[in-house]
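Note: hydrogens, waters and symmetry copies are ignored here, and every other heavy atom, side chains too, is used. Just so we're on the same page: letters track the sequence lines, and every chain starts at 1.
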Number of protein chains: 2
Amino acid sequence: MTTKERIADEALTLFSERGYQGTSVKNIADAVGIRDSSLYKHFTSKKEIFDTIVKEMQERMSGLTFRVGLPSGESRSAEAAAYGELTADSLCDLSKQIFLFYLKDDFISRFWRMAMMEQYHSPEIYGVYRKIFLEESIVYQTELFREMIRLGYFHSADPEVMAISFYTPIFFLLTKYMGEPEEEETALRLLEKQVAEFCRIYHNQKRLDT
Amino acid sequence: MTTKERIADEALTLFSERGYQGTSVKNIADAVGIRDSSLYKHFTSKKEIFDTIVKEMQERMSGLTFRVGLPSGESRSAEAAAYGELTADSLCDLSKQIFLFYLKDDFISRFWRMAMMEQYHSPEIYGVYRKIFLEESIVYQTELFREMIRLGYFHSADPEVMAISFYTPIFFLLTKYMGEPEEEETALRLLEKQVAEFCRIYHNQKRLDT
DNA sequence: GTCTATACCTGGATAGAC
DNA sequence: GTCTATCCAGGTATAGAC
């Protein structure tokens, strides 16, 4: 890890804990173990460190067609088919994986926290935050459920309603337990109950026998 | 409105737009139309202004047993009975009222925005924010659905799952459309669909005929 | 590429006249 | 209770030696 990378990394940690304005260049330099003035050999300004972090997140998110847990490169109908093979139990596991990915991935979780705090201070982070956590997930899952219904894996229903029903509890629990890692078990138990109910309502058991 | 109240009011507006640290005492004084030094005749510090706002919110929230739209003073089973009389349509109206209350009430919406940004900077606001927007709503609605199931207004189901299913879309849509007031119609349309589906799943139509 | 030293500014807060 | 004047701390950023 180069010094430049270490600066960005420590900055993200501090930004996610104290906010952008609550973090001084000296705080970052201290965390890295250099003098604040030395930091300007790597970045021209504090703002540039912030921008670099945002850019890094954008790249990670476009590289990773994650969204719902699958590697990129596959077509939506291929993904839908893969999901369709899932039993209710493994759909539950999947939701937990998504939940824990956002909660535990060092970069993502720190970025989420920072973005939540800073979304109204810069138009750029406002856009990135909303795109990733509020819009793309819903759009993507809507298309996925639409496809899965078409293929007969789920009962016929409004796919957008399904996407919102599936995603909003995950979103809520992430928001709620992001600040309380020790309550992770509680969150997972609640999530489990929600997904079980979701499956009870929408999942087409019969399709599994064909 | 006294000068002291105007200071707190303008401060809340600025805090909700730029954050606590992003707002200077001079910014607040300018908005009120006095010099920054004069402000210290009303508050001993910037922090005290912030604390006053938090306290005000706490008082509003305890005075108003709002939570789901009913005036305080009635017992839970009385409330449940009142809700039970609702048709699916009026339950939908109710959810919109809750949504619009949080979104449109000047004080609440500014406070929400500020709290979202500042939750990790002061333990006190962390507590208040989570209590109001993440915990109390769920706890309260869980008890309410439990009662309504007992009275036969809803099908038998896990009341906590119902509360989460009912509240998390509202929470998500609030988070999403808080920054985009011009998209209010979109949000209401989505909310309507969610509540209709919720009623389709859980509401006991037969009970309405008794 | 790191250091010391420093310039420059803004922000929070106080003193004291009116 | 508002003003002017002022203090002091801390923050961003630059210059120049090593």
Side-chain angles (χ1 to χ4, degrees), chain A residues 1-56 110 113-115 117-125, chain B residues 1-56 110-111 113-115 117-126:
Chain A
M1 212 171 181
T2 67
T3 304
K4 182 161 185 169
E5 286 166 342
R6 281 173 55 223
I7 292 170
D9 188 61
E10 295 292 351
L12 176 54
T13 300
L14 290 163
F15 290 161
S16 74
E17 284 166 4
R18 318 179 185 180
Y20 178 77
Q21 321 225 36
T23 303
S24 71
V25 174
K26 188 173 182 313
N27 294 150
I28 301 169
D30 284 348
V32 174
I34 56 174
R35 297 285 163 174
D36 49 357
S37 56
S38 306
L39 192 147
Y40 289 91
K41 294 288 176 187
H42 303 277
F43 293 93
T44 64
S45 68
K46 182 184 174 184
K47 182 68 177 8
E48 205 201 30
I49 303 174
F50 178 81
D51 292 340
T52 301
I53 293 168
V54 175
K55 209 170 174 187
E56 162 79 12
R110 282 181 297 163
R113 256 175 94 126
M114 180 189 78
M117 287 190 250
E118 304 302 334
Q119 59 176 315
Y120 299 115
H121 304 150
S122 113
E124 203 182 14
I125 195 149
Chain B
M1 211 173 182
T2 67
T3 304
K4 183 162 184 169
E5 286 165 343
R6 284 173 53 224
I7 292 169
D9 188 63
E10 295 292 351
L12 176 55
T13 300
L14 290 164
F15 290 162
S16 74
E17 285 165 5
R18 318 180 186 181
Y20 178 78
Q21 321 225 34
T23 304
S24 71
V25 174
K26 188 172 182 315
N27 294 150
I28 301 168
D30 284 349
V32 174
I34 57 174
R35 297 285 162 174
D36 49 356
S37 56
S38 306
L39 193 147
Y40 289 92
K41 294 288 176 186
H42 303 278
F43 293 93
T44 65
S45 68
K46 182 184 175 185
K47 182 67 176 9
E48 205 200 30
I49 303 174
F50 178 81
D51 291 340
T52 302
I53 293 168
V54 175
K55 210 171 173 183
E56 163 79 12
R110 282 180 297 164
F111 184 87
R113 254 175 95 127
M114 179 188 79
M117 288 190 251
E118 304 302 333
Q119 59 176 315
Y120 299 115
H121 304 149
S122 112
E124 203 182 15
I125 196 147
Y126 182 82

Taking the side chain as everything from C-beta on, heavy atoms only, tell me whether Phe15(A) gets closer than 4.5 Å to Asn27(A).
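In short, these two side chains do not touch, never coming nearer than 4.5 Å.
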Heavy-atom distance under 4.5 Å between the side chains of Met117(A) and Tyr120(B), does that happen here?
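Yes, their side chains come closer than 4.5 Å.
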Take the C1' atoms of the five end pairs on each side of the helix from dG1(C)-dC18(D) to dC18(C)-dG1(D), derive the two axes, and give their angle rounded to 10 degrees.
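Computed from the C1' atoms at both ends, the axes differ by 0°.
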For [X], enumerate each residue passing the side chain to side chain contact (heavy atoms under 4.5 Å, CB included) test, keeping only those at least two apart in sequence or located in another chain.
X	value
Thr44(B)	Glu48(B)
Asp9(B)	Met1(B), Arg110(B)
Asp30(A)	Lys26(A)

OP1, OP2 of dG1(C) versus side-chain N and O of Ser38(A): anything below 4.0 Å?
no
Just the rounded figure in Å: distance from [atom2] of [N] to [atom1] of [X].
X	N	atom1	atom2	result
Lys26(B)	dC3(D)	NZ	P	11 Å
Phe43(B)	dG1(D)	CZ	P	12 Å
Arg6(B)	dG1(D)	CZ	C1'	13 Å
Ile34(A)	dC3(C)	CD1	P	7 Å
Ile28(B)	dG11(C)	CD1	C1'	12 Å
Gln21(A)	dG12(C)	CD	C1'	15 Å
Leu39(B)	dC3(D)	CG	C1'	14 Å
His42(B)	dA13(C)	NE2	P	15 Å

Classify Thr23(B) by what it touches in the nucleic acid, base, sugar-phosphate, or nothing, heavy-atom distance under 4.0 Å.
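Sugar-phosphate contact only.
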Quick tally for nucleotides 13-18 of chain D: nucleotides whose base has a protein heavy atom under 4.0 Å get B, sugar-phosphate-only ones S, the rest -, giving BBB---
Parallel, tilted or perpendicular: which describes the rings of Tyr20(B) and Phe50(B), with under 30° parallel and over 60° perpendicular?
perpendicular
Which heavy-atom pair separates Glu17(A) from His121(B) by the least distance, and what is that distance?
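For Glu17(A) versus His121(B), the nearest heavy atoms are O-CD2, 3.9 Å.
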How long is the gap from CD1 on Ile53(B) to CG on Leu12(B), to the nearest 0.5 Å?
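The CG atom of Leu12(B) is 5.0 Å from CD1 of Ile53(B), to the nearest 0.5 Å.
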For a quick test of your reading: what N or O donor-acceptor pairs under 3.5 Å do the side chains of residues 32-43 of chain A make, sequence neighbours left out?
none

